[in-house]
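Taking it in order: structure first as structure tokens, then the write-up.
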Amino acid sequence: IMLRGSAVATIDDKGRLKVPADLRRTLEERWGSDLFVTSVLGDSALIYPLPVWEEIESRLLAMPSTDRVRQRFLERVSYYGQQLRLDGQGRLVMPPILRESAGIAGEVVVSGSLDHLVVWNRDRFVRKLAEEPFTEDDFQALALRGV
């Protein structure tokens, strides 16, 4: 079971995101209700099931602690990040720093990205799709990778 598709959702005045029902069901059935919410670039929120995030941490732990890329990555995901749990209604409070940076309030797009969710400000996401079209080179790159 993978996280796929997208839905429009709302972040309320208290900063809570109600995860769309289909995506929530997949999250809870496959991984449970514990999550790590973060970002790398601050332009969108990444919602990882905690077991998936722990796999990423294991790979990071295998890298030398002096690795500069590892340090920069951890600085960012720690700054934006917070471990959370879905409440009984499928909601989670998005970290305030991340809400501000990504402009996620009111209407947002929640997209499945196989093993995690991505939350975008809806207007920013539509603009991103227009500004970064999927090209013939992209199709060829996927084909070379067997997709």
Side-chain angles (χ1 to χ4, degrees), residues 1-135 138 141-142 145 147:
I1 305 172
M2 293 290 159
L3 295 164
R4 60 177 70 97
S6 69
V8 174
T10 302
I11 295 183
D12 68 17
D13 294 340
K14 296 178 182 176
R16 296 176 302 192
L17 168 69
K18 184 171 173 103
V19 176
D22 289 347
L23 296 169
R24 174 187 174 193
R25 191 170 25 263
T26 301
L27 265 176
E28 291 180 325
E29 286 175 6
R30 178 149 187 204
W31 295 286
S33 298
D34 292 319
L35 308 167
F36 185 68
V37 179
T38 191
S39 186
V40 179
L41 303 176
D43 57 354
S44 61
L46 306 172
I47 302 175
Y48 286 92
L50 193 56
V52 172
W53 183 254
E54 288 171 341
E55 288 176 27
I56 293 169
E57 287 176 326
S58 293
R59 292 193 295 269
L60 289 165
L61 201 54
M63 297 171 69
S65 62
T66 55
D67 186 296
R68 303 295 272 167
V69 173
R70 175 185 183 237
Q71 290 172 357
R72 284 194 303 273
F73 180 78
L74 286 172
E75 287 167 354
R76 283 152 183 80
V77 297
S78 293
Y79 176 72
Y80 292 116
Q82 195 169 356
Q83 186 172 327
L84 302 167
R85 174 177 270 257
L86 283 174
D87 70 12
Q89 296 176 31
R91 299 176 304 190
L92 59 116
V93 178
M94 300 299 284
I97 290 170
L98 184 49
R99 284 196 320 258
E100 182 181 332
S101 174
I104 48 177
E107 197 172 70
V108 296
V109 174
V110 181
S111 297
S113 192
L114 304 178
D115 65 354
H116 65 283
L117 298 173
V118 183
V119 181
W120 279 93
N121 168 298
R122 188 176 184 182
D123 293 336
R124 276 192 196 178
F125 191 60
V126 169
R127 192 166 49 249
K128 175 183 173 55
L129 292 177
E131 290 171 358
E132 300 174 20
F134 199 84
T135 66
D138 295 327
L142 283 178
R145 291 169 175 85
V147 178

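Position 1 is the first residue of the sequence, and the numbers go up from there. Heavy atoms only: backbone and side chains are in, while hydrogens, waters and symmetry mates are out.
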Below 4.5 Å, heavy atoms only, C-beta onward: do Asp34 and Arg85 meet side chain to side chain?
yes
Work out which heavy atom in Pro49 is nearest to a heavy atom in Leu35; give both atom names and the distance.
CA-CD2, 3.9 Å
Test Leu61 against Arg70 for side chain to side chain contact (heavy atoms under 4.5 Å, CB included), laying out the working first.
CA-CA 9 Å; Leu61 201 54; Arg70 175 185 183 237; 4.1 Å; yes
Taking Ala45's backbone N and O only, do any of them form a donor-acceptor pair with Ser39's side chain (distance below 3.5 Å, no angle check)?
no
Just wondering, more than 12 heavy atoms not from Glu57 lying within 6.0 Å of its CD?
yes
Pairs of donor and acceptor atoms involving the side chains of residues 11-20, under 3.5 Å and at least two apart or interchain, shall be tabulated with distances.
| residue | atom | partner | partner atom | Å |
| --- | --- | --- | --- | --- |
| Asp12 | OD1 | Lys14 | N | 2.9 |
| Asp12 | OD1 | Gly15 | N | 3.1 |
| Asp12 | OD1 | Arg16 | N | 2.9 |
| Asp12 | OD2 | Arg16 | NE | 2.7 |
| Asp12 | OD2 | Arg16 | NH2 | 2.8 |
| Lys18 | NZ | Gln89 | O | 3.1 |

Between CG of Leu27 and CG of Leu3, what distance do you get to the nearest 0.5 Å?
5.0 Å
Contacts of type ring pair (Phe, Tyr, Trp, His ring centres under 6.0 Å), residue Phe125, not counting sequence neighbours
Trp120
With Glu28 as partner, the option from Arg24, Arg25, Arg30 fulfilling salt bridge (charged side-chain N to carboxylate O under 4.0 Å, His left out) is Arg24
At their closest point, which heavy atom of Pro95 faces which heavy atom of Val37, and how far apart are they?
CD-CG1, 3.9 Å
Nearest 0.5 Å, what's the CZ-CG distance between Phe73 and Asp67?
12.0 Å
Do Arg99 and Val93 make a side-chain contact, defined as non-hydrogen atoms from C-beta onward lying under 4.5 Å apart?
yes
Would you compute the distance between atom CG of Leu84 and atom CG of Leu50 and round it to the nearest 0.5 angstrom?
10.0 Å
Can Leu98 and Val119 be said to form a side chain to side chain contact (heavy atoms under 4.5 Å, CB included), step by step?
CA-CA 11 Å; Leu98 184 49; Val119 181; over 6 Å; no
Show me the pairs that pass ring-ring contact (aromatic ring centres under 6.0 Å, His included) and involve residues 3-56, at least two apart or across chains.
Phe36-Trp53, Tyr48-Trp53, Tyr48-His116
Short question: side chain of Ser101, backbone of Ile97 - any donor-acceptor pair under 3.5 Å?
no
If we ignore hydrogens and angles and just use 3.5 Å, is the side chain of Arg122 paired with the main-chain N or O of Val8 as donor and acceptor?
no
Min side-chain heavy-atom separation Ile56-Val77 under 4.5 Å
no
Would you give the length of the straight line joining atom CD of Gln71 to atom CE of Met63, rounded to the nearest 0.5 angstrom?
9.5 Å
If you compare all heavy atoms of Asp138 against all heavy atoms of Pro133, which two are closest, and at what distance to 0.1 Å?
OD2-O, 3.7 Å
Take a 6.0 Å sphere around CZ of Arg91 and say whether it holds more than 12 heavy atoms from other residues, nucleotides or ligands.
yes
Distance col, row Thr38:OG1 vs Arg76:CZ, nearest 0.5 angstrom, shows 11.0 Å
Could you grab the distance from atom CG of Asp87 to atom CG of Leu92, nearest 0.5 Å is fine?
8.0 Å
